[in-house]
Every structure is written in structure tokens, then in C-alpha cells.
Amino acid sequence: MLTLAASALAAPAAQAADHPFQNPRLPVERRVEDLLGRLTLQEKLSLLHQSQPAIPRLGIAYHKNGTEALHGVAWSNHLNDNWNQKFASGTVFPQAVGLASTWDPELIKKVGSAVGDEVRGYNAVDPILWGLQVWSPVVDLLRDPRAGRNEEGYSEDPHLTGAISTAYGKGLQGDDPSYLKTAPVLKHYLAYNNEVDRSLTSSNLTPKLKHEYYEPAFRAAISADAATGVMASYNLVNGRPNHVNPDLDAEVRSWTGKRLYNVSDAWGPHALTDLERYYDNKPEAFAAVLKAGLDSYTIDNSDGGPMTQHLTAALDRGLITEADVDEAVRGALTIRTRLGHFDPDGGPYKKITKDVINSPAHQRLNRETAGKAAVLLRNSGVLPLAGPRSAAVVGPLAGKLYRDWYSGQLPYQVTPLDGIKERVSDVTTGQGLERIALKHLDSGKYLTATGTGPDDNAALLDTAPTAASQWDLTDWTGGVSTLRNAGNGRLLGGDWRSLDTDDADPDGWYVSQQFALERQPDGSHLIRYAGYEAVESWFALPDPYVSVAADGTLGLAPKAQASRFGKEIVVDGVAAAAAQAARAEVAVVVVGSHPFVAGREFHDRDDLQLGAGQRRLIEAVRKANPRTVVVLETGYPVIVDAPTLLWTTHAGAETGHAVADVLFGDVNPAGRLTQTWPGTDALPSILDYDLARTGMTYLYGRTKPLYAFGHGLSYTSFGYQGLTVRGETVSVKVTNTGRVRGDEVVQLYTHQRDSRFQQPVKQLRGFQRVTLNPGESRTVTFTLKKSDLAVWDHTRGRWAVENATHDVLLGSASDRIRLSTTLRVSGETIPVRDLTRTTRAMDFDGYSGVQFADETKAGGEVVAGTAGGWISFTDASYGSRLTAGVSSVSGGAVEVRAGSPTGALLTTLQVPATGGIYQWGTAGATLKAGKGDLYLVFKGDLRIRDFALAR
């Protein structure tokens with residue numbers, strides 16, 4: 001059927017270069033212009049959709065954007081069957097945060113190349129389903145570990161993220177100078193790191209952080225030609241939806257001389273009218289998307305008809321021109337030409353076949369990568385294991401691997417239990433879970449499964465616990481648990497309003513198998529339903545809990561109607577695991593997160609706690625056997641500690657081999673953390689993107705974390721000697737001072753001591769992973785250019801290298817600096833701010849109680865204040881005539897004060913009502929000219945665009 005479908009939708013393949021666009025010997029630009037000139041307007045419009053129909057008269061086949069390939073080929077949606085994901089079953093590499101934990105760009109390029117090969121392999125099987133434009137890598141910075149998509153990103157640091165994304169992107173693209181193996185797209189532009197209300201929340205970005213922190217991760221891969229475009233993110237930035245962010249065109253395209261092909265996220269263009277209410281109608285919204293710099297609409301599944309209708313209306317109304325359409329279509333045609341779509345033979349990568357999928361070579365690469373990604377967080381001396389004769393391998397993840405939302409199905413599984421069994425003859429195991437019964441306290445009956453079908457609703461039946469009324473309780477993270485029935489092996493789940501046991505594992509978009517057992521003061525429990533659909537507006541049941549109706553049936557109801565249950569432990573799996581550990585030479589406890597539970601796309605985490613049941617398991621086994629190793633398998637930081645602790649992501653089918661390789665010393669661990677692991681849940685609001693103010697990430701954090709950025713231990717030791725800085729070269733000698741071969745990740749940081757602006761505590765400037773034999777030394781060198789030390793000067797809107805002293809710091813982690821020296825940089829002194837010139841309000845030095853907003857829907861950013869909010873401009877000179885660009889619905893005032901928000905009042909600027917937030921007027925006032933720090937204090941709701949204090 002797939003062959004028939006493909007042939008029906010494919011245009012007749014040209015046997016020769018009948019037209020210039022089919023001639024591989026011609027430059028890409030000429031081929032694109034030739035094809036563009038042959039297309040009708042309707043054909044051009046059709047190419048602006050994700051699902052691009054065939055054009056038989058020109059021999060152009062159907063093409064679909066958007067194969068997911070984050071850490072292996074994951075999934076796609078078939079033509080006319082878009083609600084049904086089609087999963088790949090190839091090589092699943094470690095989650096993205098694990099790939100970055102290798103700190104090894106050369107290795108990650110190999111991984112990207114393997115994934116690119118498998119995309120081509122799947123495309124050879126079914127080109128309709130498996131398109132060659134891939135939505136990967138994700139370069140969203142991991143500035144808050146509570147974000148639901150943490151596992152999809154690489155790091156909290158832009159330099160590291162840029163290096164890893166560049167490596168993965170180059171691997172996906174291939175090494176041909178003209179052709180693309182695949183066309184990678186960077187996700188998601190810009191400042192996207194929260195999931196709750198993601199299409200309605202606005203990321204407040206100061207110009208400094210935008211240029212210095214949020215943009216560089218994208219700029220690195222684009223400027224290195226390691227990606228062919230970016231995907232707009234769902235969120236707003238400074239009040240404007242990213243799907244109409246003008247930087248998509250003006251900024252992103254400036255980073256490369258090559259033609260980019262930028263795409264929308266799924267449904268994103270519709271959100272502009274249907275959710276965000278940013279535009280009044282579809283033609284206006286869709287025109288704005290095109291004008292902002294997006295070239296492809298991911299909407300309406302495979303149906304490009306609505307998009308064509310809206311864009312045609314926009315053309316008729318003069319909102320866009322055919323030249324605007326042509327410019328966007330050039331992006332699609334350029335990428336498709338480079339993919340070989342228009343070559344008679346399909347281009348050089350067409351020869352890749354399905355034989356590459358999950359090949360032995362890729363399996364070996366998976367194992368190597370998973371081993372190199374593992375991070376040894378703590379070691380009491382138990383590791384590496386030296387030939388134990390017996391082992392207890394326990395925990396909910398000991399004998400099971402899980403895929404995540406952006407991975408394919410695992411074609412096979414080597415679990416940690418499997419990997420250890422290959423090395424130890426006497427192994428005992430168990431999940432270490434409590435098997436419980438839930439007794440309804442009013443009726444005395446037990447929550448009981450009645451079958452495995454969708455209509456087999458759970459009920460209160462048993463008066464004494466049987467297998468059908470016993471549940472294996474897994475406390476994952478954040479207080480969210482799953483309940484697996486002992487009788488049928490299925491999970492309890494919410495079926496919109498009822499409860500049933502028809503699912504084998506947490507899966508799907510809504511993941512309805514999530515519950516939280518909330519202990520009450522009297523010892524009873526309420527069972528909160530935590531299925532993801534509970535946040536949807538159509539669910540219409542806030543705060544749902546398990547309840548018993550008058551007729552005795554089970555369902556969901558508001559908390560006030562929640563039923564009380566007694567939690568009875570039928571089998572104490574924790575005690576059983578501890579007993580096994582006591583009898584074994586060593587114990588390995590494998591705990592962690594489930595990728596579908598307690599946070600994922602569209603859902604953030606409330607806290608970072610490992611589940612209470614898993615923590616009890618760790619403590620019980622440790623008490624029973626001091627030679628206990630805890631293997632923690634998560635896609636994000638959690639708050640847990642143990643004397644010997646090894647962290648890995650969900651690392652694919654070879655996870656068990658990789659874990660065993662590290663535990664037994666065949667691989668000396670050298671993975672390093674790519675984000676700070678906080679030691680507390682008392683974190684700032686996840687919606688506050690101003691790191692300099694919140695202290696999030698190692699760049700601005702000043703409190704001691706649980707584990708620092710860059711942290712990771714080894715089975716050997718390393719010495720650092722002879723740090724020198726000569727010109728643009730920083731060098732240090734690193735020696736393996738231990739007894740075994742190992743890798744060290746040498747990390748270069750700098751700190752600017754003197755600055756007009758707030759500076760990071762330290763900032764990563766370079767890193768190298770080096771392999772050294774015992775006693776071996778190597779001189780590691782870094783290039784540190786003067787331009788690398790430039791800062792964004794928001795007072796003049798440009799980059800500047802300041803005249804300053806810098807600390808040059810070399811070490812093995814951000815909190816383990818081994819050597820340091822100073823570097824005096826000859827630069828410029830930032831002049832006193834000249835406020836006599838027109839100054840953008842957004843170029844403030846400090847702020848409080850304000851939001852950043854859009855000047856117009858097309859461009860510009862302004863400060864929106866309410867009574868009591870303020871912005872400051874420090875070290876400034878100013879004149880006596882104040883004029884300001886302002887807007888306000890109801891009018892207000894701005895006080896100009898000296899030295900502080902409550903300092904001497906210099907003048908008051910009266911702001912009249914202008915008719916709307918996008919209706920701009922001018923207000924004026926006078927004051928005494930002077931020098932110093934000025935504060936503009938808001939009195940009322942208004943916006944300031946710019947101002948000048950002329951002499």
C-alpha cells in the first residue's frame with residue numbers, strides 16, 4: 001500500500017535535465033529562479049504549506065516538511081492521516097540533554113550523520129511519509145529545569161548549546177558542499193522555555209540578554225551553515241507572538257549568506273487569531289507571518305486549501321504581493337534543490353537505502369554515546385565494580401526502558417538489568433515498589449479493575465484485596481504516580497470522566513494514567529487525577545479527584561466531592577529489595593523519571609523532587625548494603641543524593657550496555673552536566689526570563705547548587721599546570737595523575753571584573769574533551785579572541801569590547817576552577833549616556849514593575865508600565881526639554897526622579913489618552929539639565945517608546 005500511495009502522488013521522474021531547474025550542473029540560484037518562473041501563482045502558494053502537492057506537469061513530486069529527528073528518527077504523520085503518528089523503529093540515541101552531556105562535538109556530528117542516514121533510509125521506503133526536512137535540533141536554552149521539554153534541549157549555556165547543535169546539524173546535513181542529506185531546522189525561536197500557557201505567555205527580554213544569551217545559541221549553527229532555517233516558537237517575546245517576530249527576517253537571515261527556509265510550528269499561524277487574538281482575521285495574520293520571515297505554514301494537517309484561501313485574500317487586499325510570495329517560495333525551492341528533489345537521479349544521497357536503519361554500526365555508536373554521556377555525580381569508592389560475584393539490581397527502571405515524545409519506538413531493549421546480568425552470574429532483581437490496595441473508607445470496598453477494554457470501568461467490588469484490587473505504585477517525580485494493576489498488568493487511567501485499565505504504559509498526548517495520592521491529616525488519602533487533559537478548557541473539571549457516585553461507580557469530581565481511601569500495603573517491595581541487597585555483594589538501584597509523566601510538552605513541573613517511594617527505596621537499600629550504587633535515569637535535574645550516584649538520560653536501546661560499561665570500568669565516566677542542578681525547589685517564577693535578575697543558571701547564580709554546571713567525576717584524577725595566555729591563545733598542561741586511562745573535559749571560563757554593565761559570575765568560552773593514559777600529559781589550547789569578550793552596549797545599541805581586566809579560569813567544572821590568571825584587554829570606555837539624543841525606552845539600565853511590549857504589530861519594542869513601575873538610565877547627561885513618544889488608553893503620567901525611584905522629583909510628564917496602545921503621541925515637560933541617574937516612574941497605565949532630554 002505504501003508503494004502504491006507513493007507512486008500515485010509522485011510526479012513522473014524526469015529522465016534527463018529537460019529544464020534548467022533539473023540540471024545539476026547549474027548553480028542552485030539559477031535552478032531556483034528557472035523553476036520559480038515556471039510556476040503559477042496557485043502552485044507557488046501550494047509550496048508555502050508543510051504538505052506540498054506534486055506538480056506533475058513539471059515532474060515535481062509530493063514533499064512533506066517536518067520529520068522529527070531529535071535523537072534518532074522519531075515520527076511523522078502520513079498524508080491524509082495526520083492524527084495518527086507513524087513511529088520509526090530505528091536507532092534511538094540518548095535524549096538531547098544526554099548528547100550534550102558528552103561535551104564531544106566530534107562524536108555528536110557522527111550521531112547526527114547516523115540519524116541523517118536513517119532519515120534517508122526511511123525516505124527510501126516511503127518518501128510520502130518520511131520527508132527530508134527534519135525538525136531538529138532543539139536549541140532552546142535550559143535556563144529552568146522545571147520546563148516540561150527540558151530533555152529536548154542541550155544546555156543552559158549558549159556556547160555549549162551552539163557547539164553541540166552545530167555538530168549535530170552538520171551531521172544531519174552531510175559533508176557534500178552543495179547537496180543536503182537532510183535539511184535541519186532549529187527549534188524554537190526565541191526564548192521558549194515554559195510550557196504552561198505557552199501560546200499566551202510573553203518572555204520579557206532585555207536587549208542585553210536577548211543579544212548575549214538567547215540569540216547566540218541559534219546564531220552559532222546558522223552562521224556555521226549547520227542548519228537551513230529556524231522554527232518559530234509558540235510563545236510571545238516582549239508582547240509580540242514569535243510567529244510574527246520581525247527578527248526572523250531581519251536578524252536570523254543576517255547570520256548567513258545562504259538562503260534559509262524558516263517554518264512555523266504546528267498550528268502557530270492559527271494561534272494568532274484563534275488564541276492570542278493578535279489579529280482580527282486570517283488574511284491579516286497569514287500575511288503578517290509571511291512578511292515577518294516565515295516561509296512555510298504548518299497548519300490544517302495535509303490540507304493546504306485554507307492557507308491558500310487566506311493568502312489569496314491577503315493578496316487581493318494588498319496585504320502582501322506576489323513578490324512576497326516569491327521570496328518565501330525561493331526558500332522552499334532552494335532547500336528542495338539541495339536535497340536533490342529536482343535532479344534526474346535524486347542527488348548523491350539518494351543511494352542510501354533502508355539497510356542503514358538500526359544497523360550494527362549505529363547500535364555500536366549508540367552504546368558509545370550513551371556511555372560517554374553518563375555523568376558520575378558522586379562516588380564513595382564503590383565504583384568501578386571489580387568482578388562482584390552477586391548483585392541485587394532493583395528499582396522501577398532496572399528492567400525497563402522507555403521512549404519519549406520525540407523518539408521512535410525502541411527496536412529492542414538492553415536494560416540495566418540485562419547489562420549487569422552479562423557480567424555477574426548471580427543477580428536478583430525486583431522493582432522495589434509498594435503493592436497496595438485502595439480501600440474506599442465509606443463503603444469498605446476496594447478499587448478494583450474489571451478488564452482491559454475501554455468500557456471496562458474500574459469499580460468498588462472486592463471486599464478483600466484480590467489481584468484485581470491490588471496496584472503496584474510507582475512514585476515518579478513531582479508527586480505524580482502511576483498505578484499498575486496486579487491482576488491484568490495494565491495501568492489505571494482516566495477515560496475523560498471514568499476510570500479504566502486499558503493501557504499498558506503511559507503514552508499519547510494526554511497521558512491519562514497519572515495520579516497523585518495525597519495523604520490527609522487523618523491518615524486517609526485523596527486521589528488527585530493528574531492526566532494532562534485536565535488543563536484543557538473543554539475538560540471543564542478543575543482540580544479533578546477520584547470520587548464515588550451515589551450508585552457506587554467510580555469517576556472524577558471536584559476536590560470537594562473527592563472520596564477518601566485507605567492505602568494498605570499488601571506487598572512491601574521496598575523491604576523485599578532491601579533484603580535482596582543485604583544478601584548480595586553489591587546493590588544497584590535504578591530509579592528516575594518516566595518521559596511521559598510529570599511534565600512534558602505543554603506541561604511544566606511544579607518541583608524537582610524524586611518520588612517519595614523511590615527515595616525510600618534508595619535509603620532502604622543503602623541501609624541494607626553500604627556497597628550500593630544509585631543509577632538515576634532522568635531527562636532533567638531532580639533533587640536526590642546518594643554516596644555513589646550515576647546519572648544518565650533515557651539513552652535508547654543500548655542504555656543497559658552503556659550503564660554496565662561505566663559501572664564496571666570499561667568506560668571511565670567523563671560526561672559533564674550541561675545545566676545547574678538546584679538544591680531547592682524555591683526557585684523564581686518560571687515565567688521570569690531575566691537571568692541577571694533571578695540568578696538562574698551558573699552565569700548569574702550565586703547560591704551553591706546540588707550539582708554545578710560542568711560537574712562530573714572520573715575513576716582517575718587530573719592535574720593542571722602552566723596556564724598561559726599569549727595573544728589569542730590560552731594554553732594549559734593537563735596530566736592524568738591517576739592509575740587508569742580516562743577523559744577530562746577541560747573548561748575555559750572568563751569573568752570581566754570591570755564593566756559599565758552587569759556581568760556574569762563566569763562564562764564558558766571553550767571546552768575540550770581529551771583522553772589521557774596514566775601519567776600522560778597534553779597541552780590543551782584554546783583560542784580566545786578579543787571580539788569574543790564583546791558585550792552588548794545597550795546605551796548605544798551595538799557590541800563593544802570594554803577596557804577591562806578579565807579573569808581567565810581553567811577547570812573541570814564551573815565550581816572547580818583549577819588555575820586562573822588575569823588578562824588585561826585594551827578596549828573602549830563606555831561614554832556617559834547622552835540622553836539629549838533620542839533614546840529607546842527599552843535601552844534602560846534597570847527596571848521594576850514593568851512589562852516589555854510591542855510598539856506596533858509589525859515591529860518595535862517598548863516599555864509598558866503601571867503605577868509604581870519604573871525604568872532607570874544611569875550615568876547619564878541630560879538637558880531640560882523632555883519629549884517622549886507615548887501611548888495610553890486612559891492617560892497617566894511619568895515622574896522623572898533623580899538617584900532612585902523615590903529620589904528628588906525633577907518633573908512630571910503628563911500623558912494624555914492617545915486612543916489605544918498602538919496609537920502613539922508625543923508628550924513634553926521641562927526640568928533642570930544635569931548629570932547622574934534618572935528614574936522614570938509610572939503613574940497610571942501607559943507605554944513609552946522613546947524620549948529625549950534636549951538642551
Side-chain angles (χ1 to χ4, degrees), residues 70 95-97 100 135-162 164-165 186-206 208-221 230-243 245 247 265 268 271 404-406 478 598-608 634-638 673-678 681 683-701 705 709 760 851-852:
L70 181 60
Q95 291 175 304
V97 70
W135 288 349
S136 179
V138 172
V139 298
D140 301 328
L141 293 167
L142 307 182
R143 50 108 215 173
D144 194 311
R146 295 169 298 182
R149 302 179 75 168
N150 192 88
E151 73 275 2
E152 295 181 40
Y154 290 132
S155 170
E156 69 184 29
D157 179 76
H159 179 84
L160 178 57
T161 297
I164 298 299
S165 63
L186 304 180
K187 301 197 299 188
H188 308 82
Y189 190 86
L190 177 73
Y192 173 45
N193 191 228
N194 66 274
E195 291 300 305
V196 174
D197 292 332
R198 60 187 182 179
S199 293
L200 297 175
T201 56
S202 180
S203 304
N204 259 21
L205 302 189
T206 65
K208 182 175 177 61
L209 283 171
K210 174 183 172 182
H211 289 291
E212 291 184 356
Y213 183 74
Y214 289 104
E215 284 183 346
F218 291 88
R219 186 172 63 236
V230 302
M231 174 187 285
S233 56
Y234 288 118
N235 61 301
L236 296 79
V237 164
N238 294 353
R240 180 181 294 106
N242 268 325
H243 276 74
N245 186 337
D247 287 349
D265 207 338
D404 63 38
W405 181 250
Y406 283 101
R600 200 203 60 199
E601 186 169 354
F602 207 56
H603 300 270
D604 297 312
R605 282 171 284 277
D606 294 328
D607 63 59
L608 300 174
T634 70
Y636 47 86
V638 296
L673 296 181
T674 67
Q675 66 185 133
T676 304
W677 284 40
D681 284 322
L683 301 177
S685 168
I686 194 173
L687 300 180
D688 193 338
Y689 279 70
D690 191 340
L691 309 176
R693 184 169 66 170
T694 64
M696 293 294 283
T697 80
Y698 83 96
L699 288 156
Y700 293 97
F709 173 82
Q851 295 294 316
F852 312 145

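Within a 6.0 Å sphere centred on CG of D681, other residues, nucleotides and ligands contribute more than 12 heavy atoms.
With contacts defined as side-chain heavy-atom distances shorter than 4.5 Å, the pair L186/P137 qualifies. A heavy-atom distance below 4.5 Å is found between the side chains of Q675 and V97. Annotation: side chain of L205 is not in contact with side chain of Y213 (no heavy-atom distance under 4.5 Å). You'll find the side chain of Y154 stays beyond 4.5 Å of the side chain of T674, heavy atoms only. Counting heavy atoms from C-beta on, the side chains of S155 and I164 never come closer than 4.5 Å. Put simply, the side chain of R605 reaches to within 4.5 Å of the side chain of N150, judged on heavy atoms. You'll find the side chain of D690 stays beyond 4.5 Å of the side chain of N204, heavy atoms only. Contact of the F709 side chain with the T697 side chain is not registered, since no non-hydrogen atoms from C-beta on lie closer than 4.5 Å.
Shortest non-hydrogen contact noted between P241 and G239 is CD-O, 4.1 Å. The two atoms that bring A96 and L70 nearest to each other are CB-CD1, 4.1 Å, heavy atoms only. Of all non-hydrogen atoms in R143 and L691, the two that sit nearest each other are CB-CD2, 3.7 Å. When all heavy atoms of D604 and A147 are compared, the pair lying nearest together is OD1-CA, 3.4 Å. The nearest pair of heavy atoms linking A232 to N242 is CB-O, 3.7 Å. For the pair S203 and A191, the tightest heavy-atom approach, listed with the atom from each and the gap, is OG-O, 2.8 Å.
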Check the pair N194 / D144 against side chain to side chain contact (heavy atoms under 4.5 Å, CB included), numbers first and verdict last. CA-CA 8 Å; N194 66 274; D144 194 311; over 6 Å; no
Hey, mind stepping through F218 and L190 against side chain to side chain contact (heavy atoms under 4.5 Å, CB included) and telling me if it holds? CA-CA 9 Å; F218 291 88; L190 177 73; 4.0 Å; yes
Give the C-alpha distance, both sets of side-chain angles, the deciding distance and a yes or no for side chain to side chain contact (heavy atoms under 4.5 Å, CB included) between Y214 and L209. CA-CA 6 Å; Y214 289 104; L209 283 171; 4.3 Å; yes
Start with the C-alpha gap between E151 and W405, add the side-chain angles, then the distance that decides, and say whether side chain to side chain contact (heavy atoms under 4.5 Å, CB included) holds. CA-CA 10 Å; E151 73 275 2; W405 181 250; 5.8 Å; no
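Remark: the Y689 side chain and the N193 side chain contain no N/O donor-acceptor pair separated by less than 3.5 Å. Judged purely by distance below 3.5 Å, without hydrogens or angles, the side chains of E601 and Y406 pair a donor atom with an acceptor atom. For the residue pair N235/S233, the side-chain donor-acceptor check at 3.5 Å is satisfied. Residues R149 and Y192 bring a donor and an acceptor atom of their side chains to less than 3.5 Å of each other.
Taking CD of E215 as the reference point, atom OH of Y189 lies at 4.0 Å (rounded to 0.5 Å). The structure places OG of S165 at 14.0 Å from NZ of K187, a figure rounded to the nearest 0.5 Å.
Between R693 and D688, at least one side-chain N (NZ, or NE/NH1/NH2) sits under 4.0 Å from a carboxylate O, which counts as a salt bridge.
Among residues two or more places apart in sequence or in another chain, the side-chain contact (heavy atoms from CB on, under 4.5 Å) test is passed with P705 by T676, A708.
With H159 contributing its side chain and P216 its backbone, the two residues share no donor-acceptor pair below 3.5 Å. Checking side-chain atoms of D157 against main-chain N and O of L160 turns up a donor-acceptor pair under 3.5 Å. Side chain of R146 to main chain of G599: no donor-acceptor pair is present (N/O by atom type, distance under 3.5 Å, no hydrogens or angles). At least one donor-acceptor pair under 3.5 Å links the side chain of S202 to the backbone N or O of N238. Judged by distance alone, the side chain of E195 and the main-chain N or O of F602 form a donor-acceptor pair under 3.5 Å.
For the pair K210 and F852, the cation does not sit on the ring face, since its NZ or CZ is not both under 6.0 Å from the ring centre and inside 45° of the axis.
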